[in-house]
2 protein chains.
Amino acid sequence: MLTQTLNTQAINTQVRGKIAPAHPPAHPVSDQFGAITGHAGLVATEFSYRKDEEIYGEDEPAEYVYQVVSGAVRSYKLLSDGRRQIGAFHLPGDVFGLESGPTHRLAAEAIIDTHVRLVKRASLEKAAGTDVLVARKLWAMTAGELRHAEDHMLLLGRKTAMERVATFLLEMDRRLAVAGMMALPMCRRDIGDYLGLTLETVSRALSQLHAQGILGFSGARQIVLRNRARLHHLDA
Amino acid sequence: MLTQTLNTQAINTQVRGKIAPAHPPAHPVSDQFGAITGHAGLVATEFSYRKDEEIYGEDEPAEYVYQVVSGAVRSYKLLSDGRRQIGAFHLPGDVFGLESGPTHRLAAEAIIDTHVRLVKRASLEKAAGTDVLVARKLWAMTAGELRHAEDHMLLLGRKTAMERVATFLLEMDRRLAVAGMMALPMCRRDIGDYLGLTLETVSRALSQLHAQGILGFSGARQIVLRNRARLHHLDA
DNA sequence: CGTCCTATTGAATAACTTCAAACCCGGTGG
DNA sequence: CCACCGGGTTTGAAGTTATTCAATAGGACG
């Protein structure tokens with residue numbers, strides 16, 4: 001597939017190794033899969049998805065649990081008329097698709113060409129049934145997702161457009177900044193659908209932050225934060 | 001305390017029994033505490049909170065896990081300037097305050113006079129460490145909260161005011177309707193802070209639904225749904 | 001070097017909020 | 001028993017924020 005070779009980020013990561021991107025995120029990834037697979041001797045498979053390819057659909061049976069090796073994934077829900085709410089972005093190291101019940105409650109798509117590792121949900125269930133530490137880890141991962149969702153409800157329900165964009169920039173800075181610069185894998189529409197805004201409103205907020213010198217661009221998706229303190233202040 | 005006897009809902013439930021309200025909600029409550037305490041022989045204490053009393057604060061150590069016996073509880077986050085997002089309402093039978101980590105990430109307050117049962121978090125942790133079924137149940141409860149949060153993100157990020165109110169009414173109808181009527185324990189401001197709207201917008205939406213004959217009032221907080229199909233249609 | 005997709009910017013519009021006043025009802029006290 | 005509070009709710013009018021519709025600009029890639 002030529003499309004894969006078009007994405008330099010995916011190539012680089014794949015060439016370098018199994019999981020860790022070239023520059024490990026500041027965020028504590030600590031190999032969440034390893035904590036499980038190491039313990040229970042589970043078999044992890046690798047797989048790739050092309051840009052915009054669906055990984056699983058909403059309400060599909062949850063057969064696998066995934067970890068992003070390289071690339072990026074969006075998890076989302078749709079309304080009948082096409083309005084979309086992205087609940088989370090999954091970046092290298094992140095686990096996604098983990099369910100306690102039988103089905104995926106959000107759909108997942110690759111934002112860019114993406115490599116994942118995956119294990120069968122059933123084998124995790126089995127491991128959790130015999131190993132209390134595995135069970136504890138699964139709970140902790142779901143609880144981590146819940147915390148993010150709770151923070152995001154506050155953003156969606158009560159923050160202004162500028163506050164939402166500021167929060168987003170700080171989150172992405174924390175999760176994927178390399179040498180003070182972040183390479184956003186997602187487009188403005190994705191950001192808008194994550195923040196409950198239109199793509200135009202996101203663009204206007206970013207332009208305003210740029211005009212105030214709070215951030216710098218080198219291409220629309222390459223952003224440098226020049227003043228995190230002011231961004232925190234805008235975050236409310 | 002006279003205040004307690006003023007709330008008929010609380011009285012009725014307390015008189016009838018420990019947990020189940022007179023008319024069990026369609027929603028599967030199935031005594032979530034019992035599934036744990038029965039298994040591990042944990043000691044549950046009872047406690048009461050008066051209207052608007054704080055049960056725990058945001059970021060407080062999570063010492064207990066609670067179950068509503070009667071009354072109602074709101075879980076919420078605040079921004080520094082006082083804007084509030086209610087993440088969930090907890091009604092009789094619901095478990096709340098369950099954390100995988102060390103602290104409560106939302107604050108909780110009694111909406112009306114409320115009775116709870118509670119168990120020490122540490123004893124649950126201990127039980128989960130020896131009994132895989134308990135561990136599995138705790139995970140499932142957190143996963144249930146996550147599902148609700150994911151649905152609510154869609155509402156907060158992408159639904160219109162009318163759609164939000166319609167969703168709210170259907171949720172409350174499902175969870176606390178008795179003989180086709182629901183007695184809302186919370187005020188319009190609470191509803192607004194749950195739906196990411198102002199109390200005035202909530203009131204206007206309810207008035208409009210009333211004018212269209214979709215619901216009936218007998219007092220501002222006693223609502224009868226007269227046409228669930230049309231409400232579902234408005235929900236998008 | 002052109003093409004296509006994405007992003008930016010502008011202007012008009014719509015939805016919701018804000019501010020304000022009136023109303024309603026449950027509870028209190030005369 | 002009734003009048004009166006007072007918090008909560010409804011309704012109205014003006015204002016604000018974000019959306020929508022439209023056009024231009026920018027970049028990556030062939």
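A, B, ... follow the sequence lines: proteins, then strands. Residue 1 opens every chain.
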Check your understanding: What are the residues of residues 202-215 of chain B, sorted by number, that bring a heavy atom to within less than 4.0 Å of DNA chain D?
Key -> B:S203, B:R204, B:S207
Point to revise | Contact residues, residues 162-172 of chain B to DNA chain C [heavy atom, < 4.0 Å] | key: none
Check your understanding: Taking CD1 from B:I223 and C1' from D:dT9, how many angstroms apart are they, rounded to a whole number?
Key -> 12 Å
Review point. Looking at residues 78-89 of chain A, who's got a heavy atom less than 4.0 Å off DNA chain C?
Key: none
Review point. With B:H90, which residues qualify under side-chain hydrogen bond (donor to acceptor under 3.5 Å, both in side chains), at least two apart?
Key: B:S75
**Study point:** A:R221 CZ to D:dG27 P, straight-line distance once rounded to whole Å
**Key:** 13 Å
**Study point:** Minimum-distance nucleotide to B:E200 side chain [options: C:dC19, C:dT6, C:dT9]
**Key:** C:dC19
Check your understanding: In chain order, what residues pass the side-chain hydrogen bond (donor to acceptor under 3.5 Å, both in side chains) check against B:T160, with sequence neighbours excluded?
Key -> B:E163
Study note, to complete from the structure: Per nearest nucleotide of DNA chain C, the residue lying toward the 5' end, A:T201 or B:T160, is A:T201
Revision key, fill the gap. Note: for B:G219 and B:T198 on DNA chain C, the residue whose nearest nucleotide lies more 5' is B:T198
Point to revise | Check: A:S203 main-chain N/O paired with A:S207 side-chain donor or acceptor under 3.5 Å | key: yes
Practice item. For B:R84, enumerate each residue passing the side-chain hydrogen bond (donor to acceptor under 3.5 Å, both in side chains) test, keeping only those at least two apart in sequence or located in another chain. Key: B:D190, B:D193
